[in-house]
Amino acid sequence: MTSSKVPALLARIERFPIAGSFTISRGAKTEAVTVVAEVSLDGLTGRGECVPYPRYGETPEATLAAIEAMQGAVAGGMTRQALQAAMPPGAARNALDCALIDLEAKAAGLRAWNLLGRPLPGERTTAYTISLGTPEAMAAATAKAAHRPLLKIKLGGDGDPERIAAVRKAAPESELIVDANESWTEANLEANLAACDAVGVTLVEQPLPAGKDDALARIRRPLVVCADESVHDRNSLAPLRERYDAVNIKLDKTGGLTEALAMADAAQALGFEIMIGCMVATSLSMAPAMLVTPQARFVDLDGPLLLARDRDHALRYDDSLVYPPDASLWG
């Protein structure tokens, strides 16, 4: 590493194999493809990681190009605050925002939470994801994870009452949350919610497609319904109050930790419960998200647990407990 008085930005695509496969209603994948941004100055380097999401039209290549297009601005001393206006919310801004926070914390000799005036994050129980499959396959996967206190069950539309019943039978003691990934319809919404309620599911995430979720305002919701694809940053919160009880904050949607923290404050002020979520990624993606956990009712930061290998200086996971990052990883 060379010392420089001018900030230098580098970015690259990295790939991490998933242990087995990860399946949701939109398909399956066998690797996590991430984009890492690094900003270096005076012998220090700040890092951030993002996961481009095809659901929002993002690709690794376009995300890499968007980050690299900011090299001139970074060299000119662009601040993290200026970044918020310079790039739209999304994966690319997330990687760069987190890299700038990491560098700022290193330069100040502070941990990121102290730098940002946020509470020290403690250890939290994270959800552990059960991929979508047949009721039998999901029950078998759940049985192996039934010792975990919080399970996140991926559902997919037709046959979901049978899936969730099979999962509950395999994990009678675990708290269950469900993620339908926009796969339900207005026709099966109430029946599927009732099936989840019958087995004690605590929360259902994004049952209907974003933009086609008005039915949620017209029914009695028997359990907490959480927005994911319907919510991105602070600007998307207010219209959701009649339809949702909670919001899933993901740094790849908000465009970084800076907006995620502001969004968490705004969501609490509007009366939403908060989930802090993730894409399937390494500990470098999870580390900044840990700063949102003091405000979160639900923590879903299990991405590294789904990988065949994590990066060096990874977050510490003690079964389902996840701990704040060491400075050698981030922040």
Side-chain angles (χ1 to χ4, degrees), residues 4-14 34-53 56-118 231-237 249-267 276-279 281-282 284-292 325 327 329-331:
S4 170
K5 294 295 182 182
V6 177
L9 168 62
L10 295 174
R12 62 185 177 274
I13 295 172
E14 298 184 345
T34 73
V35 182
V36 173
E38 293 184 344
V39 181
S40 299
L41 179 66
D42 287 339
L44 301 172
T45 297
R47 300 186 301 164
E49 177 184 276
C50 69
V51 179
Y53 198 28
Y56 305 128
E58 297 175 334
T59 66
E61 294 75 19
T63 299
L64 178 65
I67 295 171
E68 291 178 335
M70 302 304 294
Q71 286 174 327
V74 169
M78 181 182 64
T79 65
R80 176 170 50 87
Q81 292 75 18
L83 172 67
Q84 309 309 307
M87 298 182 79
R93 195 178 78 185
N94 176 32
L96 188 48
D97 182 68
C98 291
L100 289 171
I101 293 172
D102 189 26
L103 179 62
E104 201 176 330
K106 286 184 168 75
L110 298 171
R111 296 309 311 267
W113 43 88
N114 299 127
L115 177 77
L116 299 175
R118 292 284 166 164
V231 67
H232 294 265
D233 58 10
R234 279 174 290 175
N235 295 329
S236 59
L237 285 170
I249 297 174
K250 292 178 179 174
L251 273 60
D252 282 313
K253 292 190 301 178
T254 66
L257 179 60
T258 299
E259 175 62 21
L261 291 170
M263 181 181 172
D265 293 342
I276 178 64
C278 69
M279 307 299 189
T282 79
L284 185 55
S285 281
M286 308 302 129
M290 285 297 295
L291 274 70
V292 186
L329 173 66
W330 183 88

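Everything numeric here is computed off the predicted structure, so don't read it as measured data.
- Although no hydrogens or angles enter the test, the distance criterion places a donor-acceptor pair under 3.5 Å between the side chain of R47 and the main chain of L329.
- Considering only heavy atoms from C-beta on, E38 stays 4.5 Å or farther from L9 through its side chain.
- By the 4.5 Å heavy-atom criterion applied to side chains, M286 and C278 are counted as neighbours.
- Checked by atom type and distance alone, the side chain of R111 pairs as donor or acceptor with a backbone atom of G331 at under 3.5 Å.
- At distances below 3.5 Å, at least one donor-acceptor pair connects side-chain atoms of K253 with backbone N or O atoms of V231.
- Side-chain N or O atoms of E58 include none that pairs as donor or acceptor with a backbone N or O of P52 at under 3.5 Å.
- Closest heavy-atom contact between A266 and L237: CB-CD1, 3.8 Å.
- Listed for the T63 side chain is a donor-acceptor partner under 3.5 Å among the backbone atoms of T59.
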Could you walk me through whether I67 and V35 satisfy the side-chain contact (heavy atoms from CB on, under 4.5 Å) test, starting with their C-alpha distance in whole Å, then the side-chain angles of each, then the deciding distance to 0.1 Å, before giving a yes or no? CA-CA 9 Å; I67 295 171; V35 182; 3.7 Å; yes

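- Q84 and D97 form a side-chain donor-acceptor contact under 3.5 Å, judged by distance and modelled atom types alone.
- D252 places a side-chain N or O within 3.5 Å of a backbone atom of V51 that can act as its donor or acceptor partner.
- The one candidate from L103, L116, L96 that meets the side-chain contact (heavy atoms from CB on, under 4.5 Å) condition with R80 is L116.
- Nearest heavy atom pair, residue N94 against residue G256, reads OD1-CA, 3.3 Å.
- There is no side-chain donor-acceptor pair under 3.5 Å between D233 and T254.
- Rounding to the nearest 0.5 angstrom, the gap separating the OG1 atom in T34 from the CE atom in M279 is 13.0 Å.
- In this structure, the side chains of E259 and R93 come closer than 4.5 Å at one or more pairs of heavy atoms.
- Across every non-hydrogen atom of P288 and L284, the tightest pair is CD-O, 3.2 Å.
- Summarising the geometry of A37 relative to A99, their closest heavy-atom pair is O-CB, 3.7 Å, with the distance given to 0.1 Å.
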Apply the test side-chain contact (heavy atoms from CB on, under 4.5 Å) to residues L251 and I276: give CA-CA distance (whole Å), side-chain angles for both, the deciding distance (0.1 Å), then the verdict. CA-CA 9 Å; L251 273 60; I276 178 64; 4.1 Å; yes

Derivation of the side-chain contact (heavy atoms from CB on, under 4.5 Å) call for V292 and L257: CA-CA 8 Å; V292 186; L257 179 60; 4.0 Å; yes

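- The shortest distance between side-chain heavy atoms of Y53 and K250 does not fall below 4.5 Å.
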Assess the residue pair K106 and E104 against the criterion (salt bridge (Lys or Arg N to Asp or Glu O under 4.0 Å)); give the C-alpha distance rounded to whole Å, side-chain angles, the decisive distance to 0.1 Å, and a yes or no. CA-CA 6 Å; K106 286 184 168 75; E104 201 176 330; over 6 Å; no

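- Considering all non-hydrogen atoms of both residues, A91 and C50 come closest at O-CB, 3.1 Å.
- Qualifying salt bridge (Lys or Arg N to Asp or Glu O under 4.0 Å) partners for R118, counting only residues two or more places apart in sequence or in other chains: D265.
- Proximity of a side-chain donor or acceptor of W330 to a complementary backbone N or O of C98 within less than 3.5 Å is detected.
- With no hydrogens or angles considered, a side-chain donor-acceptor pair links S285 and E49 at under 3.5 Å.
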Working note: M78 + L83, criterion side-chain contact (heavy atoms from CB on, under 4.5 Å); need CA distance, chi angles, decisive distance, verdict. CA-CA 7 Å; M78 181 182 64; L83 172 67; 3.8 Å; yes

